[in-house]
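In what follows, a structure is listed as structure tokens, so that the remarks can point back to it.
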Amino acid sequence: MTKDSPPPHPPGTERLNPAAVRTGEPFTVLHGPGVGDVFVDSTGQVCSMEQALWRMLRAAGFERIVFSTLQHPVYFRDRASRDLSRRPADRNTAPADRRGPRTMRHTGLRGPLGGTQLPGAAPRSEAEPAADQDRGAGAARGSGIADPFGVMTLAAHLRDAEHRTAVVFPHAEEFLLLNRAPRQLAGAMAEWASDTVAGNQWIFVFRRPSLPGVAEFLAGLRSYPQLETFVNERVAEPGRGGTFRVELPQVAELERLVHSVRLRKGLRVEWQDLDRVVRAMAGQPETARVWRDRLEQLRAHKAPLSHLMIRQWVRGAVSDERTPWERLAAMPGMEPVLRFFERKRAETEAAEELRARGLATVGEPPARHMVFTGNPGTGKTTVARLVGEMFRDLGALSRGHCVEVKASDLVAGYIGQTAIKTSAEVDRALDGVLFIDEAYTLSDQSDGFGQEAVQELLKRMEDDRGRLVVITAGYPAKMEEFLGANVGLRSRFPHVVEFPDYDPDTLNEILLKRLAELGLRPGEEAAQGLRQIAEGMYDSRDESFGNAREMRTLADALFTPWAVRARRDVEQPVIVDDIPEEYRDHLPKPVPELAELLAELDRYVGLGAVRGELEGLAYRLRMRQERGKKAFAPPHLLFTGPPGTGKTTVAPLVGDLFRRLGLLRKGHVVEVTRTDLVAEYVGQTAPRVRAAVERALDGVLFIDEAYSLVRDTGGQGGFGAEAVDTLLREMEKWRGRVVVIAAGYPQEMKELLAFNPGLPGRFTTTVPFPGYTPDELTEILRRMAAESGDTLGPGTAERATQWLEEIRRARGAAFGNAREVRILVDLMEGRKGARWNKGDKGSEYLPEDVPDPSADQG
């Protein structure tokens with residue numbers, strides 16, 4: 001090697017790339033989760049961050065590398081750098097008996113006494129041993145230098161154009177915060193930025209995981225505006241250069257670490273596990289320092305490195321021999337999802353082969369971001385964890401880990417903080433997957449900072465598309481709203497993967513698998529009952545149904561009653577009696593006796609036609625049960641008749657009857673009118689209708705005066721027409737889960753059915769409620785009086801009948817039937833009260849208590 005030839009480059013690591021400081025910028029800012037870590041070089045040597053950084057700078061062509069910390073304001077890690085910082089004369093002659101005042105090592109430096117150097121103020125300059133030079137050991141450090149003089153020294157070295165120089169602050173936060181010459185340092189930075197010597201650089205090493213975190217720190221100091229501006233510009237435009245993120249170790253470096261501990265410390269390795277174990281290690285957000293300590297723990301306990309031994313430190317399926325593709329294929333109900341990812345694998349492999357053969361010229365990596373839509377418990381989170389492994393095996397991601405967050409992890413409570421939080425989470429996920437569950441809550445925060453998080457996320461998805469897969473997940477309808485909330489979202493998420501609810505067979509399979517994991521086996525009768533429960537839970541599900549989660553909950557709920565019964569006799573199977581009470585609603589029930597079933601209806605007057613329809617349903621269901629067939633979906637009903645004929649009263653009786661027949665789980669009634677369903681503004685009617693139907697799920701939606709829904713249409717469109725269209729879609733969607741009863745006058749209900757051709761096919765059963773006869777009205781009057789402990793005296797019934805008939809003739813179609821009877825009872829009670837006050841304490845209503853009909857028709 002000649003005198004002028006550069007020294008050979010020391011071995012480096014993948015995480016510190018010399019290109020990071022070949023940007024032409026006056027500053028380089030290093031940050032990231034790997035700052036402060038140890039590094040394993042290409043020869044298997046473990047070195048510190050400072051040593052690794054020195055090597056990177058040497059490889060980048062820097063001849064002089066100067067370090068500065070609070071404790072040692074100016075020091076060097078190698079003899080060459082130190083010697084280049086001396087005066088030229090000192091390099092040739094160094095007389096031992098030097099007399100006279102000592103002067104500054106660099107001719108451009110001046111202190112309080114000009115160029116004179118005080119005794120003891122010079123840093124030590126012992127050369128590092130030749131054997132250690134390439135490892136950066138034996139640093140020559142100086143102490144006792146005041147901070148202002150240290151800044152002057154560093155600035156002088158940088159202004160030296162003869163030798164390419166880097167000034168490194170390995171602990172930038174502490175130095176910038178606590179050094180006693182912030183004004184001089186800020187001034188030196190400003191001068192340097194405006195009058196840079198080509199090739200020389202200031203290098204700041206921040207222990208911050210993200211560049212926005214560095215910007216936030218500098219903004220808090222408010223002491224170094226030049227550096228703060230520099231960092232802020234790079235946050236806004238990451239491609240400008242001058243910053244470098246130090247990552248966590250990846251597979252190659254971790255494998256070298258394993259061999260380093262194996263060769264130097266005697267770690268035993270299960271060789272057949274090594275590839276899988278190292279990949280699993282690389283998928284965890286851990287430093288090489290942490291992994292070195294863990295490996296040494298194994299060595300100290302004489303335990304081998306194997307997939308079993310690292311399970312305590314690795315989340316995921318490291319102990320599973322199967323590939324992520326095989327694990328996905330083994331998940332119940334994942335066939336559609338598996339087909340999607342098989343297509344992605346084919347696309348990735350084909351694109352790689354095209355590039356390898358020089359047939360493809362596309363330089364930009366494709367966007368692989370995805371939306372997972374589905375109800376809870378359908379495997380979205382599990383698959384998201386597998387996605388990272390799958391893309392890592394395909395070479396699309398280098399680590400393949402999965403960072404799981406919710407909207408609350410991205411959104412802050414103060415202006416400007418949300419972007420920093422979001423960016424920090426993206427930084428954690430780089431080279432892997434960022435999984436955002438319930439992502440729609442970001443767009444729900446219309447007055448909050450959710451949109452700020454979305455904007456930052458969109459920016460990072462584009463900037464880091466080759467190093468990041470973002471997966472957002474949530475309910476299907478909610479995620480559709482989320483994608484529509486920002487114009488950039490739909491284009492950034494080109495892939496929507498649907499996770500359908502598990503069918504009953506899959507749910508039952510998951511349930512039995514969980515029972516087996518618990519060590520339980522159901523008996524034949526219990527197995528049949530559990531199958532029926534899985535079917536019932538599926539049939540009665542809503543958007544909050546937990547799918548696999550519900551099956552695991554059921555299996556766990558079975559364990560306690562089984563354990564109480566079996567005690568130590570653990571060979572006993574699960575029996576039907578072990579099934580908790582809250583799940584037994586899903587088991588088939590025998591049809592009650594008709595007399596018991598219809599007893600409530602028999603309490604009311606004039607419901608013969610209603611009784612006939614419901615009897616027919618009960619007979620049909622009993623026949624199906626006796627033939628071993630499943631129950632049918634309960635029909636939607638039209639209640640037609642004038643006011644006061646019992647339509648509203650019968651609706652809850654129908655709900656209860658359908659519940660007892662096993663056709664509805666709850667049988668409750670949600671009563672609505674046009675006002676509850678039809679809104680005044682575009683886009684509000686459909687949500688109202690959907691909300692009403694969802695409240696009525698497993699019960700009855702009773703729409704009184706249903707014909708009024710289309711009162712505004714005039715045979716055309718309108719908000720009422722939108723209500724009808726939405727109602728038809730919801731009736732089909734929730735078939736068997738909800739019974740809609742539409743009630744109103746006979747003629748108007750015919751007009752309603754004629755308005756939309758889909759209505760007659762939905763309302764297949766009409767229950768007539770004819771107006772009450774005079775005798776039925778009198779019987780209703782008698783029963784209402786009896787509720788108060790009263791009776792009708794001689795002649796009272798006849799006079800009351802006459803009164804009711806006069807009212808019917810006067811009001812025509814508006815006659816209120818039983819409502820008119822209630823009005824009459826109130827009038828009669830008022831007159832009876834007057835007699836009571838005069839001393840007549842009898843319990844009978846007398847004919848004189850019935851008012852003159854002509855006096856009440858107004």
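Side-chain contact between D578 and R565: present, with at least one pair of heavy atoms (C-beta onward) separated by less than 4.5 Å. Looking at heavy atoms from C-beta onward, N375 lies in side-chain contact with P476 at the 4.5 angstrom threshold. A heavy-atom distance below 4.5 Å is found between the side chains of L664 and V700. Counting heavy atoms from C-beta outward, V650 and V767 have side chains that stay 4.5 Å or more apart. Residues T648 and F639 are not in side-chain contact: their nearest non-hydrogen atoms beyond the backbone lie 4.5 Å or more apart. Counting heavy atoms from C-beta outward, Y440 and E480 have side chains that stay 4.5 Å or more apart. Looking only at side-chain heavy atoms (C-beta outward), M537 and F545 come within less than 4.5 Å of each other. For the pair R762 and L727, the minimum side-chain heavy-atom distance is 4.5 Å or more.
For the side chain to side chain contact (heavy atoms under 4.5 Å, CB included) criterion with F719, the lone passing option out of V710, V678, L709 is V678.
Between R531 and D505, at least one side-chain nitrogen of the basic residue sits less than 4.0 Å from a carboxylate oxygen of the acidic one, meeting the salt-bridge criterion. Between D698 and R659 there is no salt bridge, since no side-chain N of the basic residue sits under 4.0 Å from a carboxylate O of the acidic one. Between K513 and E509 there is no salt bridge, since none of the side-chain N atoms of the basic residue sits less than 4.0 Å from a carboxylate O of the acidic one. With respect to the salt-bridge test (charged N to carboxylate O, under 4.0 angstrom), the residues E694 and R690 do not qualify. A salt bridge does not link E787 with R783: none of the charged nitrogens is closer than 4.0 Å to a carboxylate oxygen. By the 4.0 Å N-to-carboxylate-O rule, E806 lies close enough to R809 to be salt-bridged with it.
A side-chain donor-acceptor contact under 3.5 Å links N756 and D725. Side-chain atoms of T506 and D503 include a donor-acceptor pair closer than 3.5 Å. With 3.5 Å as the limit, one finds a donor-acceptor pair spanning the side chains of R729 and T726.
A distance-only check finds no donor-acceptor pair linking the side chain of K832 to the backbone of D849 [under 3.5 Å]. In this structure, H668 contributes its side chain and R695 its backbone to a donor-acceptor pair below 3.5 Å. Between the side chain of R831 and the main chain of E848, a donor-acceptor pair closer than 3.5 Å is present. Under the 3.5 Å distance criterion, the side-chain polar atoms of R514 are left unmatched by any main-chain donor or acceptor of A555. A distance-only check finds a donor-acceptor pair linking the side chain of R688 to the backbone of T675 [under 3.5 Å]. Without hydrogens or angle criteria, T441 side chain to A407 main chain gives no donor-acceptor distance under 3.5 Å. Panel note: side chain N547, backbone Y502; a donor-acceptor pair is recorded below 3.5 Å. Counting only distance, with no hydrogens or angles, the side chain of K647 and the backbone of P642 share a donor-acceptor pair below 3.5 Å.
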(request) Determine, stepwise, if the pair R782 / T778 fulfils side-chain contact (heavy atoms from CB on, under 4.5 Å). (result) CA-CA 6 Å; R782 195 183 311 278; T778 301; 3.9 Å; yes

(request) Report the C-alpha distance between T673 and E705 in whole Å, list the side-chain angles of each, state the deciding distance to 0.1 Å, and finish with yes or no for side-chain contact (heavy atoms from CB on, under 4.5 Å). (result) CA-CA 7 Å; T673 63; E705 298 182 356; over 6 Å; no

(message) For W562 and I575: C-alpha separation, side-chain torsions, deciding distance, then whether side-chain contact (heavy atoms from CB on, under 4.5 Å) applies.
(response) CA-CA 8 Å; W562 171 86; I575 62 176; over 6 Å; no

(message) Run the side-chain contact (heavy atoms from CB on, under 4.5 Å) test on W734 and V740 for me, step by step, so that the C-alpha distance in whole Å, both residues' side-chain angles and the decisive distance to 0.1 Å come before the verdict.
(response) CA-CA 11 Å; W734 300 112; V740 178; over 6 Å; no

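Here the straight-line distance linking atom CG of L792 with atom CE of M784 works out to 12.0 Å at 0.5 Å rounding. The structure places CG of L804 at 12.5 Å from CD of E776, a figure rounded to the nearest 0.5 Å. Atoms CD and CZ, from E438 and F482 in turn, are 12.5 Å apart once rounded to the nearest 0.5 Å. Rounded to the nearest 0.5 angstrom, L554 CG and I510 CD1 are separated by 12.0 Å. Here I741 contributes atom CD1 and L637 contributes atom CG; the two are 5.0 Å apart, rounded to the nearest 0.5 Å. Taken to the nearest 0.5 Å, the CE atom of M731 stands 7.5 Å off from the CG atom of L759.
Across L677 and T685, no two heavy atoms sit closer than the pair O-CG2, 3.4 Å. Shortest non-hydrogen contact noted between R808 and F815 is CA-CD1, 3.5 Å. Nearest heavy-atom pair, R549 versus P376, reported as atom, atom and distance to 0.1 Å: NH1-CB, 3.6 Å. Here the shortest heavy-atom pairing between V672 and A692 reads CG1-CB, 4.4 Å. In plain terms, the two heavy atoms of P643 and N817 that are nearest each other are O-ND2, 3.0 Å. Across A651 and F702, no two heavy atoms sit closer than the pair CB-CD1, 3.6 Å.
Within 6.0 Å of CD on E517 lie more than 12 heavy atoms contributed by other residues, nucleotides or ligands. More than 12 heavy atoms of other residues, nucleotides or ligands sit less than 6.0 Å from atom NZ of K841. Applying the 6.0 Å contact sphere to CD of E680 captures no more than 12 heavy atoms from other residues, nucleotides or ligands. For E498, the CD atom is loosely surrounded, since the number of other residues' heavy atoms within 6.0 Å does not exceed 12.
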